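Notes follow the structure.
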Amino acid sequence: WQEITDPQFTDIEYHVADGIAKITINRPEVHNAFRPETVRAMLHAFKTAHRDKSVGVIILTGAGGKAFCSGGDQRIRGEAGYTDEDGNEGLDVLELQRLIRTIPKPVVAMIAGWSIGGGHVLHLCCDLAIAAENARFGQTGPRVGSFDGGLGVALMTRLVGQRKAKEIWFLCRQYDAQQALDMGLVNTVVPLEKLEEETVQWCREMLALSPTALRLLKASFNADTDGAAGLQELAGNATGLFYQTAEGQEGRNAYLEKRDPDFTKFPRIP
Ligand code: 2NE
């Protein structure tokens, strides 16, 4: 891995290698709980990976082997929300959830240890999830006075069904890696020492495939859950492909050449 440094990468590490970007939440002393600064850094990192044409797949993980992420840092939760070092309240984690889903590259959660609370929702937002045998999953919202009724409920229900999703949210129990695999929360479980090797192998398999097909598939899966915003994402991809055709370019050229467009040469494909 090559580490990329950036003054905006507060609380995280950003590495690249052979088409893969790895974003690591680096606050192991609090099981990688996030604060506003952490979320801002992750937004910057995901946007960096999005724009980098050499990157085809993104891994999201946590440092230290004991936690993927334990959600919002409860120590800096003020009267009306989480507070940054300058005293500003607000956590852009919902924006981060949406970004993980709309970024047109597969995002893989690489999970060792705790994936809890808002950290668990981040893992739900990822496209694939590879868990180590020591991984533990759960929501704590109703216990700590919080909840994510947005993607945290919608995506969980799609993955495990409404009965199980209600159990997870209403009882705040914890589930081990095998239970998570059995209920469809993760794709596979491997020994901790094999976690990165296995995750990189999954990334390499995707890197060998058509990036456009993967891009359109991701948008298609999300369109099912994201309503008009999901359709916007899917249709935006279709527009991007249309721009690359002679038919799309004829419209632009005619406008720039101040003539009527001639679409007669383009067949109406059945
Ligand atoms: C994750 C869990 C179950 C692990 O338990 P254990 O016993 O293995 O570790 P321990 O001792 O609790 O944690 C180690 C250190 O990390 C801190 C702890 O306070 C402890 O620090 P020290 O006492 O050693 O100084 N720590 C862990 N998680 C933290 C957190 N989220 N914030 C601040 N410090 C944290 C256990 O640690 C646990 O239950 N953690 C809390 C999980 C939680 O409730 N997260 C917030 C859910 S709400 C949320 O994330 C959210 C949302 O619902 C909506 C929007 C945005 C965020």
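Order of listing sets the numbers, starting from 1, for every ligand and every atom in it. Only a predicted model underlies this, so the values are computations on that prediction, with no experimental measurement involved.
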Exercise. Relative to atom 13 (O) of ligand 1, which among E29, Q74, H31 owns the nearest non-hydrogen atom?
Worked result: H31
Exercise. Hey, does Q139 sit under 4.0 Å from ligand 1 if you only count heavy atoms?
Worked result: no
For this session: Please indicate, with yes or no, if any protein heavy atom is found under 4.0 Å from atom 11 (O) of ligand 1?
Result: no
Problem set entry | N or O contact, G117 vs ligand 1, cut-off under 3.5 Å | no
Exercise. Quick check: does G118 get an N/O under 3.5 Å from an N/O on ligand 1?
Worked result: yes
Exercise. With under 30° as parallel and over 60° as perpendicular, where do the rings of H15 and W1 fit, or are they tilted in between?
Worked result: perpendicular
Exercise. So, is R75 polar-close to ligand 1, with some N/O to N/O distance under 3.5 Å?
Worked result: no
Exercise. How far is atom 27 (C) of ligand 1 from its nearest protein heavy atom, and which residue and atom name does that atom have?
Worked result: V30 O, 3.6 Å
Problem set entry | Exceeds 12 heavy-atom contacts within 6.0 angstrom, atom CD of Q162 | no
Exercise. Taking the non-hydrogen atoms of D148, is any one of them nearer than 4.0 angstrom to ligand 1?
Worked result: no
Problem set entry | Ion pair E250/R259, N-O distance below 4.0 Å | yes
Exercise. What protein heavy atom sits nearest atom 45 (N) of ligand 1, and how far off is it?
Worked result: S70 O, 2.9 Å
Exercise. So, are R98 and E95 salt-bridged, with charged N and O less than 4.0 Å apart?
Worked result: no
Exercise. Is atom 36 (C) of ligand 1 close to the protein, meaning a heavy atom under 4.0 Å from it?
Worked result: no
For this session: With heavy atoms of T140 as the reference, note each atom of ligand 1 found under 4.0 Å away.
Result: 43 (C), 44 (O), 45 (N), 46 (C), 47 (C)
Seminar exercise, completed: ligand 1 to A33, heavy atom cutoff 4.0 Å, flagged ligand atoms 30 (C), 31 (N), 32 (N)
Exercise. Is the OH atom of Y255 crowded by more than 12 outside heavy atoms at less than 6.0 Å?
Worked result: no
For this session: Pick, from W114, F34, F147, Y82, the option with the minimum heavy-atom distance to atom 51 (C) of ligand 1.
Result: Y82
Exercise. Checking side chain to side chain donor-acceptor pair (under 3.5 Å) for the pair E205/Q201: CA distance, chi angles, key distance, verdict?
Worked result: CA-CA 6 Å; E205 286 182 38; Q201 175 58 29; 3.2 Å; yes
For this session: Using protein heavy atoms only, decide if any is under 4.0 Å from atom 18 (C) of ligand 1.
Result: no
Exercise. Which residue holds the protein heavy atom closest to atom 33 (C) of ligand 1, what is that atom called, and what is the gap in Å?
Worked result: D73 OD1, 3.3 Å
Problem set entry | 4.0 Å heavy-atom contact, R136 with ligand 1 | no
Exercise. For F147, does the CZ atom have more than 12 heavy-atom neighbours from other residues, nucleotides or ligands under 6.0 Å away?
Worked result: no
Exercise. Looking at atom 24 (O) of ligand 1, would you say a protein heavy atom lies below 4.0 Å from it?
Worked result: no
For this session: Looking only at non-hydrogen atoms, find the nearest pair between A254 and P261 and report the distance.
Result: CB-CA, 3.5 Å
Exercise. For ligand 1, which atoms have a heavy atom of Q174 less than 4.0 angstrom away?
Worked result: 3 (C)
Exercise. Taking all non-hydrogen atoms of both residues, which atom of L60 and which atom of C126 are closest, and how far apart?
Worked result: CD2-SG, 4.1 Å
Exercise. Looking at atom 39 (O) of ligand 1, would you say a protein heavy atom lies below 4.0 Å from it?
Worked result: no
Exercise. Of all the atoms in ligand 1, which lie at a distance below 4.0 Å from a heavy atom belonging to G71?
Worked result: 50 (O)
For this session: Run the salt-bridge test on E85 and R35 with the 4.0 Å N-O cut-off and return the result as yes or no.
Result: yes
Problem set entry | Distance from atom 53 (O) of ligand 1 to nearest protein heavy atom, with residue and atom | S146 OG, 2.6 Å
Exercise. Do E196 and K22 meet the salt-bridge criterion of a basic N to acidic O distance under 4.0 Å?
Worked result: yes
Exercise. Between H120 and L185, is any pair of side-chain heavy atoms under 4.5 Å apart?
Worked result: yes
For this session: Please work out which of the three classes, parallel, tilted or perpendicular, describes the rings of F68 and H123, given edges at 30° and 60°.
Result: perpendicular
Exercise. Okay, side chain of R101, backbone of C125: is any donor-acceptor separation there less than 3.5 Å?
Worked result: no
Exercise. In terms of atom number and element, which parts of ligand 1 are under 4.0 angstrom from non-hydrogen atoms of V93?
Worked result: 56 (C)
Exercise. Is it the side chain, the backbone, both or neither of L91 that has a heavy atom closer than 4.0 Å to ligand 1?
Worked result: side chain
